[in-house]
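Since the structure is predicted, the reported quantities are computational estimates derived from the model, not experimental observations. Residues take their numbers from the sequence shown, with the count starting at 1.
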Amino acid sequence: MKKLTLSLCAAFAMTAAAFAGETYSKESKSVTPPPCPEWYADTEFNLGLSGSYVWTGSRWRDDVYLLADHGWGGSLDAKYFVHRYFGFGVQGNIMRVNQDETFDDGFRRIRVGDDNDQWVGSVLGTFTLRFPISCTRWAPYFWVGGGGIFGGGQDHEYLLAPGTPLGIVRHEFPSDKTKVMGQVGGGLEVRFTPHVGWTNDVSWNVISGSNNNFGMARTGINFAF
C-alpha cells in the first residue's frame with residue numbers, strides 16, 4: 001500500500017512539473033510588436049525647393065517696396081537639424097512683380113507701364129521648430145527668420161507739367177534698394193520616404209516701412225540627408 005501511495009505521489013509531481021514547464025514555454029514565446037518607423041532623424045540636413053505666391057498687405061498704390069499687389073517666385077531652404085525638434089538654416093527667395101511708374105498731379109494718380117517686370121530677392125537666416133507626430137509621416141513646423149531684401153523700392157522726382165492744375169507732377173518709379181526684413185511662418189511636411197518629403201507653408205514678411213509687408217505661400221519638395 002505504501003508503495004502504491006508513493007508511486008501516485010511521484011506521478012502527480014511529474015505531471016504538475018510538465019504542465020508548469022508547458023505554461024512557461026508558452027509565455028516565453030510572446031512576440032513584442034516592432035517599433036514604429038522613423039520618418040524624421042534626430043539630426044539631419046534638409047534641402048528644400050519651393051514655388052511661391054506673394055501678396056502685399058497694402059494696395060499697390062500704397063506699397064512703396066514691391067510696388068505691386070502680388071507676384072510669383074521660388075525659394076531655396078537649407079537647414080541643419082541639430083536636434084529632432086529644432087534646427088538652423090538659410091533661406092533664399094526670388095520674386096517677380098510688376099512695378100509700374102506713376103504720375104501724381106495732386107488731384108489724381110496715373111499708373112503707366114504694364115510690362116515693367118522686376119525681380120526682387122531676399123536672403124534670411126532661420127530658426128525652425130519641428131514637431132514630428134509619433135508613428136506618422138507628418139510633422140508641423142514653425143520658424144522665424146531675419147535678413148535682407150533687395151531689388152525693390154521706389155524713387156521720385158518732380159517734373160514741370162504746364163497742362164496740370166498745379167503745373168508740376170510727382171513722378172514715382174521703381175528703384176533698387178536693400179532693406180532689413182523679418183519673417184515668421186508655419187507649415188506642414190509629409191514624408192514619402194525618410195529622405196523625401198512634401199512641404200506646404202505660409203509666412204508673413206515685415207519690411208522696414210509701414211506699408212511694405214507681404215505674405216508668402218509656398219509648396220515644394222524637401223530632401224533630407
Side-chain angles (χ1 to χ4, degrees), residues 36-60 63 65-98 117-152 179-207 211-225:
C36 296
E38 293 291 343
W39 299 100
Y40 299 86
D42 290 338
T43 59
E44 61 180 25
F45 175 73
N46 286 189
L47 184 64
L49 301 172
S50 305
S52 61
Y53 174 74
V54 174
W55 71 95
T56 55
S58 305
R59 298 179 301 173
W60 68 266
D63 188 288
Y65 194 81
L66 294 183
L67 309 181
D69 54 13
H70 72 279
W72 299 89
S75 296
L76 174 67
D77 273 283
K79 304 175 187 175
Y80 183 70
F81 284 88
V82 297
H83 189 278
R84 182 179 179 83
Y85 299 108
F86 62 86
F88 301 89
V90 177
Q91 179 190 118
N93 300 287
I94 189 75
M95 299 162 278
R96 184 182 181 184
V97 294
N98 189 283
D117 290 333
Q118 185 87 350
W119 291 97
V120 178
S122 65
V123 177
L124 304 96
T126 60
F127 173 72
T128 302
L129 293 174
R130 181 180 67 179
F131 302 98
I133 301 174
S134 178
C135 295
T136 74
R137 301 170 185 260
W138 305 88
Y141 58 92
F142 306 90
W143 81 93
V144 293
I149 187 168
F150 51 89
K179 288 185 174 290
V180 175
M181 182 176 116
Q183 183 185 72
V184 60
L188 183 67
E189 179 178 1
V190 55
R191 288 280 171 93
F192 302 125
T193 75
H195 301 290
V196 180
W198 178 31
T199 58
N200 292 277
D201 56 49
V202 176
S203 64
W204 189 247
N205 303 269
V206 179
I207 308 174
N211 297 318
N212 300 327
N213 304 336
F214 65 92
M216 180 187 297
R218 307 187 302 172
T219 183
I221 298 296
N222 184 49
F223 300 96
F225 305 93

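- Asp69 has its side chain within reach of Thr56: a pair of non-hydrogen atoms, C-beta onward, lies under 4.5 Å apart.
- One finds the OG atom of Ser75 at 8.0 Å from the CE atom of Met95 (value rounded to the nearest 0.5 Å).
- Scanning for ring-ring contact (aromatic ring centres under 6.0 Å, His included) contacts around Phe223 gives an empty result, with sequence neighbours left out.
- Contacts classified as side-chain hydrogen bond (donor to acceptor under 3.5 Å, both in side chains) and involving residues 118-127 (residues at least two apart or in different chains) are given here: Asn93-Ser122.
- Shown here for Lys79 and Phe45, the closest heavy-atom pair between the two residues is O-CD1, 3.2 Å.
- Residues Ser52 and Gly74 share a closest heavy-atom pair of OG-N, 3.3 Å.
- For the atom pair OH (Tyr85) and CG (Asp42), the distance works out to 8.0 Å, reported to the nearest 0.5 Å.
- Glu189 contributes atom CD, which lies 6.5 Å from atom OG1 of Thr199 (distance to the nearest 0.5 angstrom).
- Put simply, OG on Ser134 and CD on Glu38 are 8.0 Å apart, with the number rounded to the nearest 0.5 Å.
- Under the rule for a ring-ring contact (aromatic ring centres under 6.0 Å, His included), Tyr80 has no partner lying at least two apart in sequence or in another chain.
- Partners of Phe142 under the ring-ring contact (aromatic ring centres under 6.0 Å, His included) rule, at least two apart in sequence or in another chain, do not exist in this structure.
- Taking CH2 of Trp55 as the start and CE of Met216 as the end, the distance is 9.0 Å to the nearest 0.5 Å.
- With sequence neighbours excluded, the residues forming a side chain to side chain donor-acceptor pair (under 3.5 Å) with Trp198 are Thr219, listed by chain and number.
- In terms of heavy-atom proximity, Tyr141 sits nearest to Thr128 at CB-CG2, 4.2 Å.
- The two residues His83 and Thr43 come nearest to each other via the heavy atoms N-CG2, 4.5 Å.
- Within the structure, the salt bridge (Lys or Arg N to Asp or Glu O under 4.0 Å) test picks out the following pairs touching residues 126-145 (sequence neighbours left out): Glu44-Arg130.
- Taking Phe131 as the reference, nothing meets the ring-ring contact (aromatic ring centres under 6.0 Å, His included) condition, with sequence neighbours excluded.
- The side-chain contact (heavy atoms from CB on, under 4.5 Å) check on His70 picks up Tyr53, Trp72, with sequence neighbours excluded.
- Screening residues 216-225 for salt bridge (Lys or Arg N to Asp or Glu O under 4.0 Å), with sequence neighbours left out, gives Asp77-Arg218, Asp201-Arg218.
- Using cut-offs of 30° and 60° on the angle between ring planes, the pair Phe88 and Phe86 is perpendicular.
- Looking at every heavy atom in both residues, Asn212 comes nearest to Ile207 through O-CD1, 3.5 Å.
- For Val144, the side-chain contact (heavy atoms from CB on, under 4.5 Å) partners are Phe127, Val184, not counting sequence neighbours.
- Between Val97 and Phe214 there is no side-chain heavy-atom pair separated by less than 4.5 Å.
- The only member of Leu124, Val123, Leu76 that meets side-chain contact (heavy atoms from CB on, under 4.5 Å) when paired with Val90 is Val123.
- Applying the side chain to side chain donor-acceptor pair (under 3.5 Å) criterion to Asn213, with sequence neighbours excluded, gives no partner residue.
- Enclosure of atom CH2 in Trp204 by more than 12 non-hydrogen atoms of other residues, nucleotides or ligands within 6.0 angstrom is indicated.
- For the atom pair CD (Gln91) and CD (Gln183), the distance works out to 4.0 Å, reported to the nearest 0.5 Å.
- The main-chain N or O of Ala68 is never found under 3.5 Å from a side-chain atom of Asp63 such that the two would form a donor-acceptor pair.
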